[in-house]
Amino acid sequence: MEYAESYELVFPASGTEDDVVVVRRTERAGAGGYPVYEDDTGIVRAEISERGEVRMLASGAHQAPGLPVTVRPLER
């Protein structure tokens, strides 16, 4: 299967604009067997299927990441 190298994850924000986080594919796979993507800081992590289904992954203790409202592939 072919997976995008990076995605934009769009999260709702309380301000006028949504928060957009770019995540890049890592060498890891998640529990569902799909690639794990993370941002440059390593804080935002997500397992993303080839259909664009997202499972957010906690990168630290007591973290409860929200789901993005939009997921856009940037490259194939």
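One is the number of the first residue; the rest follow in order along the sequence. What you see below is based on every heavy atom in this structure, not just the backbone, and it leaves out hydrogens, waters and symmetry mates.
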Carefully, step by step, assess Leu74 and Glu5 under the rule side-chain contact (heavy atoms from CB on, under 4.5 Å).
-> CA-CA 7 Å; Leu74 295 177; Glu5 288 301 313; over 6 Å; no

Does the side chain of Pro68 come within less than 4.5 Å of Met56's, by heavy atoms?
-> yes

Kindly indicate whether the side chain of Val23, heavy atoms from C-beta on, has any atom under 4.5 Å from the side chain of Val44.
-> yes

Do Val54 and Val69 share a hydrophobic cluster, counting only Ile, Leu, Val, Met, Phe, Trp and Tyr and linking them when any side-chain heavy atoms are less than 4.5 Å apart?
-> no

Which pair of non-hydrogen atoms, one from Asp18 and one from Ala13, has the smallest distance, and what is that distance?
-> OD1-N, 3.7 Å

Least distance between heavy atoms, Ala46 atom then Leu57 atom | C-CD1, 4.2 Å

Is Asp40 salt-bridged to Arg24, cutoff N-O under 4.0 Å?
-> yes

Any side-chain heavy atom of Tyr3 sitting closer than 4.5 Å to one from Arg25?
-> yes

Where do Leu67 and Pro12 come nearest, in terms of heavy atoms and distance?
-> O-CD, 4.4 Å

If you measure from OG1 on Thr26 to CD on Glu47, what distance do you get to the nearest 0.5 Å?
-> 10.0 Å

For Gly42 and Ser59, which heavy atoms make the closest approach, and how far apart are they?
-> O-CB, 3.5 Å

Do Ile48 and Tyr7 come within less than 4.5 Å of each other through their side chains, counting heavy atoms only?
-> yes

Using a strict cut-off of less than 4.0 Å between a Lys/Arg side-chain nitrogen and an Asp/Glu carboxylate oxygen, indicate whether Arg28 and Glu38 qualify as a salt bridge.
-> yes

Which heavy atom in Ala29 sits nearest to a heavy atom in Val36, and how many Å separate them?
-> C-CG2, 3.6 Å

